Amino acid sequence: MPTRPRVWVSRPTFDDVIARLEPHFEVTAEPKETKFGPTELAAKLADCDAAIVGLKERVGTAELAGAKRLRIVANLGVGYDNLDLAALGAAGIAASNTADVLNESVADYAWALLLGASRRMGAAERWLRAGEWRATEFKGWLGTDVRGRTLGILGMGRIGQAIARRAQGFGMPVLYHNRSRLPEAVERDCRARLVDKGTLLRESDCLMLVLPLTPATRHAIGAAELAHMKPTAVLVNVARGGIVDDAALAAALREGRLAAAGLDVFEGEPRVHPDLLALDNVLLSPHIASATTDTRRAMTAVAVDNVLACFGHGPHAGPPPNLLNPEALAAAGVIFPIHPKLT
Ligand code: 8YV
């Protein structure tokens, strides 16, 4: 009979970071990356007091049906469109994310995609590896400079702001569109100006998407929005697949209505729309914007801290520091730290 609450970790992470749970919990960490179907996931969640999950785990009403002892789902990501917060809240289960620790790595990567797409790095490398390089033509492989061009940012949270700060080094004026205006001091720090979405689409030479995926932002960039963009513009998506209509984007890129794109996320990933795969003016990567050793370790540590806090351990004992659903838990009468029912 276990004497300590159980934590399930859905994917391999960093063992030494996860080991911080061991004095307080029975820890089961999956030894390899696995795609759990809803039934398997429900069985895993039914058998633990805390779960550390990745974006592949879609947690909703059905998956929570048998999760009678589960008290927290700690997501390994800042985005949490894989979690049904309403279902978790109704069940009195805390949800947390890994906000902030990945801002700088994701901002760096967004710039890498922008520069790589603007300078045709993916296609040039494929050409070289294919043994096509006989001579470098003076007028071959011409790309576009980003210096001095207008950077647009759709979704100006903390990652958007980190992207904006980097624009100064490239001498780029920054426009942004967001649900709400940033405080003046932040706008000044980011040298960014709020505009409506239409202006952002029309005036951006480089457009970065950094907004969360919600029902309201699905296909925020579709055929109609692409039609407003400059044919010379470059689009970068490091946010979520589904924010862009990938079929419409592929058509715009193919027909020269958009110059290039850098994409780290895709609708229905890991599947990538075949029309995108067929194009040379799009730089593609497999959802790795936060994938540096330091950042993935930090994300793991944040998830661990949230679990520890929830059960009254560690420096943050009490409400998990990255709690996503405090109102719903208060309404459900949940009080932190949690005292698990050990069976
Ligand atoms: C993923 C991300 O978490 O944080 C997010 O929202 O999309 C990424 O950092 C990462 O790919 C692990 O699944």
Side-chain angles (χ1 to χ4, degrees), residues 8-15 17-18 29-36 41 44 51-59 63 72-85 88 95-113 153-163 208-218 220-221 236-244 246 262-272 283-307 320-325:
W8 174 60
V9 186
S10 73
R11 59 196 315 191
T13 56
F14 296 88
D15 292 346
V17 181
I18 293 294
E30 293 296 328
K32 60 180 178 44
E33 291 286 344
T34 308
K35 174 82 182 126
F36 295 103
L41 184 55
K44 297 283 186 187
I52 294 179
V53 303
L55 304 181
K56 293 198 302 287
E57 280 74 58
R58 307 203 68 81
V59 180
E63 290 75 14
I72 178 166
V73 175
N75 212 31
L76 283 166
V78 61
Y80 49 87
D81 45 287
N82 57 315
L83 304 183
D84 180 340
L85 285 197
L88 285 157
S96 64
N97 71 350
T98 61
D100 275 341
V101 291
L102 42 67
N103 296 348
E104 304 301 324
S105 297
V106 174
D108 284 348
Y109 196 82
W111 278 94
L113 279 180
I153 302 177
L154 184 58
M156 195 64 157
R158 282 164 289 193
I159 298 174
Q161 293 164 33
I163 289 172
M208 304 252 204
L209 309 179
V210 212
L211 63 174
L213 177 65
T214 66
T217 63
R218 184 168 292 283
I221 301 293
V236 169
N237 187 5
V238 288
R240 274 292 177 275
I243 290 172
V244 176
D246 285 348
L263 306 174
D264 188 47
V265 288
F266 306 88
E267 271 187 297
E269 63 186 52
R271 181 185 160 275
V272 177
L283 182 57
L284 308 169
S285 65
H287 201 148
I288 56 170
S290 70
T292 68
T293 305
D294 286 347
T295 292
R296 287 283 165 92
R297 285 182 67 83
M299 291 165 69
T300 309
V302 168
V304 164
D305 286 342
N306 279 282
V307 171
N322 301 79
L323 189 59
L324 296 169
N325 54 352

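All figures in this text were calculated on a predicted structure; none of them were measured in a lab. Both ligands and their constituent atoms are indexed starting at 1 by order of listing.
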Enquirer: Regarding ligand 1, does Gly79 bring an N or O atom to under 3.5 Å of one of the ligand's N or O atoms?
Expert: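 Right, the criterion is met.
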Enquirer: Is a donor from one side chain sitting under 3.5 angstrom from an acceptor on the other, for Thr13 and Thr300?
Expert: no
Enquirer: Please could you name the atoms of ligand 1 that Arg11 approaches to less than 4.0 Å, counting only its heavy atoms?
Expert: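 It comes down to these atoms of ligand 1: 12 (C), 13 (O).
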Enquirer: Around atom CG of Asp100, are there more than 12 heavy atoms from other residues, nucleotides or ligands closer than 6.0 Å?
Expert: yes
Enquirer: Indicate yes or no: does an N/O atom of Val78 lie under 3.5 Å from an N/O atom of ligand 1?
Expert: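 By distance alone, the answer is yes.
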Enquirer: For Arg296, is at least one N or O under 3.5 Å away from an N or O on ligand 1?
Expert: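 Yes, since at least one N or O of Arg296 sits under 3.5 Å from an N or O of ligand 1.
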Enquirer: Just to be sure I read this right, does ligand 1 sit under 4.0 Å from the backbone of Leu76, its side chain, both, or neither, counting only heavy atoms?
Expert: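 Contact part for Leu76 vs ligand 1: backbone (N, CA, C, O).
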Enquirer: Using a 4.0 Å cut-off to any heavy atom of Met299, which atoms of ligand 1 qualify?
Expert: 3 (O), 9 (O)
Enquirer: Can Glu57 be said to touch ligand 1, with heavy atoms closer than 4.0 Å?
Expert: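 Checking ligand 1 against Glu57, which is what was asked, there is no heavy-atom contact under 4.0 Å.
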Enquirer: Going by heavy atoms, is Lys56 under 4.0 Å from ligand 1?
Expert: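 Distance cut 4.0 Å: Lys56 fails for ligand 1.
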Enquirer: Could you please spell out the steps behind the side chain to side chain contact (heavy atoms under 4.5 Å, CB included) verdict for His287 and Leu55?
Expert: CA-CA 11 Å; His287 201 148; Leu55 304 181; 3.8 Å; yes
Enquirer: Check ligand 1 against Arg240 and write out every atom of the ligand that is under 4.0 Å from a heavy-atom position of the residue.
Expert: 2 (C), 5 (C), 6 (O), 7 (O)
Enquirer: Enter the distance from Thr217:OG1 to Arg240:CZ here, rounded to the nearest 0.5 Å.
Expert: 10.5 Å
Enquirer: For Arg11, is there an ion pair with Glu33 - N to carboxylate O distance below 4.0 angstrom?
Expert: yes
